[in-house]
Amino acid sequence: MRESFHRDGFVLVEGLFDAAACDRLQALLRRHADADFGAILNPDRDDFLERQSPPEARVHVAETAAALRAAMREPRMVALLDGLWERPVVGLMSQMLFKEANTRYADQAWQPHQDNNYPRSPNNLYVTINLFLEDADRENGCLYLYPGSHAEPLLPAPPTVSYRESDGRPGTPVEVPAHYEKRDLIVAKGTMLVMHGNLIHGSYANRSPDRSRPMLSMSFIPEGEPFVPGATAQRKVIPLREEL
Ligand SMILES: O=C(O)CCC(=O)C(=O)O
Ligand SMILES: [Fe+2]
């Protein structure tokens, strides 16, 4: 697990969130979606979720945010993250991306980017976990990635709107060095992609008439490492263990 993460820049983990857990998270979150199924930033925080919820969903904010925070603190997932650099990690942010079939965000095809472009961990220790809440393939807008490209430093990338953008082209695009090979990430519901923050990846638009591609993204960094909070995401240290 740890070896393949360090070799390839990512690892796929199954069995931590079963189908029932995925369905529950999805059902809780769908209540807060707007008509376009725009992304929901930091659904584990009451204030963020409240601002992004339609009025009739505001009564559910506390329940949904608590469930999402519990997902970020899932003990086996946290133990796995702690093991990557043998340092305890903290959470920084979360995001729900629905890629709902037949909505304007179904077209959301992410340009090749490095997630660490946003928090800019100087020691390249930022990690993202993407939990697929349904099967994902080329048709419904799966991710693709370039194995090994986490060895790159942060590459130059123009600032790009990546939250509820208007053009369907989010992701601060980098030029992919020629020697990396693109790989489509076809995954089953419940699969977790554990991804090094410098790994170059993007995604396809959802062209399916009836299959959405919901994905819950959660980000982490070893405790004590610096990061850029960001005006939109407002990353902050989220403790993941019981405080004594
Ligand atoms: O939702 C997608 O298709 C990709 C999302 C992504 O890479 C990101 O949020 O950084
Ligand atoms: Fe990304």
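Indexing begins at 1, ligand by ligand and atom by atom, following the structure's order. Please read these numbers as outputs of a predicted model, since none were measured by experiment.
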### Task
Check the side chains of Glu225 and Asn123 for a donor-acceptor pair under 3.5 angstrom, ignoring hydrogens and angles.
yes
### Task
Go around the Fe ion (ligand 2) and count every protein N, O or S atom nearer than 2.8 Å.
3
### Task
Say whether Lys99, considering both its backbone and side-chain N or O atoms, lies within less than 3.5 Å of an N or O atom on ligand 1.
yes
### Task
For atom 1 (O) of ligand 1, find the nearest protein heavy atom and state the residue, atom name and distance (0.1 Å precision).
Arg213 NH2, 2.9 Å
#### Entry: Leu143: numbered ligand 1 atoms lying under 4.0 Å from its heavy atoms
2 (C), 3 (O), 4 (C)
### Task
Looking only at distances, please establish whether an N/O atom of ligand 1 is found under 3.5 Å from an N/O atom of His113.
yes
### Query
Would the number of heavy atoms belonging to other residues, nucleotides or ligands and lying under 6.0 Å from CD of Glu175 be above 12?
no
### Query
So which heavy atom in the protein is nearest atom 4 (C) of ligand 1, and how far is it from that ligand atom?
Trp110 CD1, 3.4 Å
### Task
Report the part of Asp115 (side chain from C-beta onward, or backbone N, CA, C, O) that has a heavy atom under 4.0 Å from ligand 1; answer both or neither where that applies.
side chain
### Query
Does the side chain of Arg69 come within less than 4.5 Å of Arg45's, by heavy atoms?
yes
### Task
Report yes or no: do His201 and Asp115 form a side-chain donor-acceptor pair below 3.5 Å?
yes
### Query
Can you say whether the rings of Tyr144 and Tyr146 are parallel (under 30°), tilted (30 to 60°) or perpendicular (over 60°)?
perpendicular
## Note on the structure
Which of Arg207, Lys99, Arg169 passes side chain to side chain donor-acceptor pair (under 3.5 Å) with Asp107? It is Arg207
### Pair Asp135 + Arg213: basic N to acidic O under 4.0 Å
no
### Query
Looking at His201, which atoms of ligand 1 are within less than 4.0 Å of one of its heavy atoms?
7 (O)
### Message
Any donor-acceptor pair under 3.5 Å linking the side-chain atoms of Asn130 with those of Ser217?
### Response
yes
### Query
What do you reckon, is CZ of Arg24 surrounded by more than 12 foreign heavy atoms closer than 6.0 Å?
no
### Query
Counting each atom of ligand 1 from 1 as listed, which ones have a heavy atom of Leu97 under 4.0 Å away?
1 (O), 5 (C), 9 (O)
### Message
Going by side chain to side chain contact (heavy atoms under 4.5 Å, CB included), Pro147 matches just one of Lys182, Arg7, Arg183. Which one?
### Response
Arg183
